[in-house]
Chemist: 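Got a structure for you, questions after.
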Amino acid sequence: MEKQGRLVVEKVGGRSTVTRSFSKYPLKFIVPRKVGSSKADAVWVYTLTYGGGIVTGDSISCEFTIGDGCTTVITTQASTKVYKSLGAKCSEQVMEARVGSNALLAVIPDPVTCFSTARYSQKQIFRVVADSSLVFVDWITSGRHESGEKWDFDLYKSANHIFIGDDEPLFLDMVHLESGSVSSIAERMQDYQVIAMVVLLGPKIKHIQDLVQENVKRMMAERLHNHSTASSGHQKQTNSHCHFTKPGFIASSSIFGPKGIGVVVRIAATTTESVYEFLQHQLAGMEPLLGVSPYR
């Protein structure tokens, strides 16, 4: 696949600096001179597509190289919109990133929003070394609520792979949502309108990994306890058939990799706002590294 974008970050004069940037239609990179505190040594890169979204047949590929000791943030200015599909064509987006020694890459986009009948596939490949640090958020909403669309797209695939070096697999994940003849995506997702995944890896963010695991465990214990109490009270009041409502926000965390070097958090929620709030709170500790708190 031809690359529409390439970007290289290296140390120049002791600072993380973009030393090479190339992009062509329909992809564009915006690299502000400075984002947030001047004390933080971080390069911010905003990726966008002309027309404000991805249309049928788009095939976008980009490559990032984060040099030793550098810090880079890749983000978006708004949600990634995937427009209606014409026929059976599938739009696709591929990102490959190489993260050097003692480097940090944070991929913190807004969510993907697929319009009715959209067909979309994305793949993110990260190649790290033993002391690389990586954070990425991968999430999708159910669609355009204001237009009455909820999980109305035809296909959504998202693959996230992390390799140590070129070929040693560390983390392999795939989300595949496809409208079927037996049941629709909406029926399978029920009332949940957002699914998300957060991956945290490496020594620079070890303190955040530990904090996120503790917070998720405590938060879900409290929410499920309160939810169970409320459901029990409701059942006693109605004194009729059993009726239990699902919690509006569910999160789980688990470790992966040798000696638990990585943490993955998975989320299902009924509102986009609740996921934004979760990300703001859990990733706030990254502000000294990035210059700005993610999703502020």
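This structure is a prediction, so every number in the text was calculated from the model and none was measured. All values below come from the heavy atoms of this structure, side chains included, with hydrogens, waters and symmetry mates left out.
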Chemist: Heavy atoms only: give me the nearest Glu187-Val182 pair and the separation to one decimal.
Modeler: OE1-O, 4.4 Å
Chemist: Compute whether any side-chain donor of one residue and acceptor of the other, for Asp138 and Gln124, lie under 3.5 angstrom apart.
Modeler: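 No, no side-chain donor-acceptor pair sits under 3.5 Å.
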Chemist: What about Leu155 and Val175, same hydrophobic cluster or not, with Ile/Leu/Val/Met/Phe/Trp/Tyr joined at side-chain heavy-atom distances under 4.5 Å?
Modeler: no
Chemist: Using a cut-off of 6.0 Å, state whether more than 12 heavy atoms not belonging to Lys204 lie near its atom NZ.
Modeler: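 For Lys204, atom NZ is crowded (more than 12 foreign heavy atoms under 6.0 Å).
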Chemist: Mind checking whether Ile74 and Val199 sit in one hydrophobic cluster, side chains of I, L, V, M, F, W, Y counted as touching below 4.5 Å?
Modeler: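 Linked, Ile74 and Val199 end up in one cluster.
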Chemist: Taking everything shown except Arg15 itself, do over 12 heavy atoms lie less than 6.0 Å from its CZ?
Modeler: yes
Chemist: Please report the closest heavy-atom contact between Tyr192 and Pro247, naming both atoms and the distance.
Modeler: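 Closest pair (atom of Tyr192, atom of Pro247, distance): OH-O, 2.7 Å.
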Chemist: Report yes or no: do Leu279 and Ile108 belong to one cluster of Ile/Leu/Val/Met/Phe/Trp/Tyr joined by side chain heavy-atom distances under 4.5 Å?
Modeler: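 Yes, same cluster.
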Chemist: Would you tell me whether Ser293 and Glu287 have side-chain atoms, one donor and one acceptor, within less than 3.5 Å of each other?
Modeler: no
Chemist: Do you know the tightest heavy-atom contact between Cys90 and Ser121?
Modeler: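 Between these two residues, the closest heavy atoms are SG-N, 3.8 Å.
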Chemist: Keeping the roles fixed (side chain from Ser132, backbone from Val99), state whether a donor-acceptor pair exists under 3.5 Å.
Modeler: yes
Chemist: Compare every heavy atom of Gln193 with every heavy atom of Thr270, then report the nearest pair and how far apart it is.
Modeler: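 For Thr270 and Gln193, the tightest heavy-atom pair comes out as O-CG, 3.2 Å.
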Chemist: How close do Val198 and Leu200 get, heavy atom to heavy atom, and via which atoms?
Modeler: CG1-CD1, 4.0 Å
Chemist: Output yes when a side-chain donor or acceptor of Ser147 lies under 3.5 Å from a complementary backbone atom of Glu149, and no otherwise.
Modeler: no
Chemist: Are the side chains of Ile30 and Gln77 in contact, using a 4.5 Å heavy-atom criterion?
Modeler: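 Gln77 vs Ile30: side chains touch.
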Chemist: Taking all heavy atoms of Leu170 and all of Pro258, pick out the closest pair and write down the distance.
Modeler: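 Closest heavy-atom pair between Leu170 and Pro258: CD1-CD, 3.7 Å.
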Chemist: What distance do Glu92 atom CD and Lys123 atom NZ have between them, rounded to the nearest 0.5 Å?
Modeler: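 That separation rounds to 10.5 Å.
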Chemist: Is Lys84 salt-bridged to Asp152, going by a charged N under 4.0 Å from an acidic O?
Modeler: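 Salt bridge flag = no for Asp152 with Lys84.
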Chemist: Are any non-hydrogen side-chain atoms of Met220 and Ile250 less than 4.5 angstrom apart?
Modeler: yes
Chemist: Would you compute the distance between atom OG1 of Thr80 and atom CG of Leu48 and round it to the nearest 0.5 angstrom?
Modeler: 10.0 Å
Chemist: When rounded to the nearest 0.5 angstrom, what distance separates NZ in Lys157 from CG in Leu177?
Modeler: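 If we round to the nearest 0.5 Å, Lys157:NZ and Leu177:CG are 11.5 Å apart.
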Chemist: So Ile195 and Met189, do their side chains get closer than 4.5 Å, heavy atoms only?
Modeler: yes
Chemist: Is there a side-chain contact between Ile267 and Val194 (heavy atoms, below 4.5 Å)?
Modeler: no
Chemist: Using side-chain contact (heavy atoms from CB on, under 4.5 Å), reason through Phe153 and Ile140 one step at a time and then give a plain yes or no.
Modeler: CA-CA 12 Å; Phe153 53 85; Ile140 179 176; 3.9 Å; yes
Chemist: I'd like to know whether NZ of Lys11 has more than 12 heavy-atom contacts from other residues, nucleotides or ligands below 6.0 angstrom.
Modeler: yes
Chemist: So which pairs with a foot in residues 33-65 pass ring pair (Phe, Tyr, Trp, His ring centres under 6.0 Å), sequence neighbours left out?
Modeler: Tyr25-Tyr50, Phe29-Phe64
Chemist: Would you sort out whether Thr49 and Ile60 count as a side-chain contact (heavy atoms from CB on, under 4.5 Å), showing the intermediate values?
Modeler: CA-CA 9 Å; Thr49 53; Ile60 300 170; 3.6 Å; yes
Chemist: Between OG of Ser184 and CG of Asp154, what distance do you get to the nearest 0.5 Å?
Modeler: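 Interatomic distance, Ser184 OG to Asp154 CG, rounded to 0.5 Å: 11.0 Å.
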Chemist: How far apart are the C-alpha atoms of Leu172 and Phe163, what are their side-chain angles, what is the distance that settles it, and do they pass the side-chain contact (heavy atoms from CB on, under 4.5 Å) test?
Modeler: CA-CA 9 Å; Leu172 305 174; Phe163 296 93; 4.2 Å; yes
Chemist: Short question: side chain of Arg188, backbone of Ser183 - any donor-acceptor pair under 3.5 Å?
Modeler: yes
Chemist: Measuring from Glu10:CD to Ile66:CD1, what's the distance to the nearest 0.5 Å?
Modeler: 10.0 Å
Chemist: Using side-chain heavy atoms (C-beta onward) and a distance below 4.5 Å, is Arg296 in contact with Gln280?
Modeler: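 No - every pair of side-chain heavy atoms lies 4.5 Å or more apart.
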Chemist: Quick one, Phe126 and Val107 - any side-chain contact, counting heavy atoms below 4.5 Å?
Modeler: yes
Chemist: Do the ring planes of Phe249 and Phe278 sit parallel (below 30°), tilted (30 to 60°) or perpendicular (above 60°)?
Modeler: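 Ring orientation of Phe249 relative to Phe278: tilted.
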Chemist: Once you measure the plane-to-plane angle for Trp139 and Tyr295, does it fall in the parallel (<30°), tilted (30-60°) or perpendicular (>60°) bin?
Modeler: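 It falls in the perpendicular class, over 60°.
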Chemist: Is there a continuous path of hydrophobic side-chain contacts, each under 4.5 Å between heavy atoms, that joins Ile205 to Ile255?
Modeler: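 Linked, Ile205 and Ile255 end up in one cluster.
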Chemist: Can you tell me if Thr71 and Asp41 form a side-chain donor-acceptor pair at under 3.5 Å?
Modeler: no
Chemist: With sequence neighbours left out, which residue pairs that include part of residues 100-120 fulfil the side chain to side chain donor-acceptor pair (under 3.5 Å) condition?
Modeler: Thr76-Asp110, Gln93-Tyr120, Ser101-Asp131, Asp110-Tyr276, Thr113-Thr141, Tyr120-Gln122
Chemist: Judged by atom type as modelled, is there a donor-acceptor pair below 3.5 Å linking the side chain of Ser253 to the main-chain atoms of Val265?
Modeler: no
Chemist: Measure from the side-chain N and O atoms of Gln4 to the backbone N and O of Ser61, and report whether any donor-acceptor pair falls under 3.5 Å.
Modeler: yes
Chemist: Indicate yes or no: at least one non-hydrogen side-chain atom of Val82 is less than 4.5 angstrom from one of Asp58.
Modeler: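 No, every pair of side-chain atoms sits at 4.5 Å or beyond.
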Chemist: Linking I/L/V/M/F/W/Y whenever any side-chain heavy atoms sit under 4.5 Å apart, do Val31 and Met95 land together?
Modeler: yes
Chemist: State whether the number of non-hydrogen atoms from other residues, nucleotides or ligands found under 6.0 Å of Lys28 atom NZ is greater than 12.
Modeler: no
Chemist: Measuring from atom SG of Cys114 to atom NZ of Lys81, what distance do you get when rounded to the nearest 0.5 angstrom?
Modeler: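 Going from the SG atom of Cys114 to the NZ atom of Lys81 covers 12.0 Å.
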Chemist: Answer yes or no: is there a side-chain heavy-atom contact under 4.5 Å between Ser158 and Met174?
Modeler: no
Chemist: Between Leu283 and Leu290, does the side-chain contact (heavy atoms from CB on, under 4.5 Å) criterion hold? Intermediate values first, please.
Modeler: CA-CA 11 Å; Leu283 301 180; Leu290 306 183; over 6 Å; no
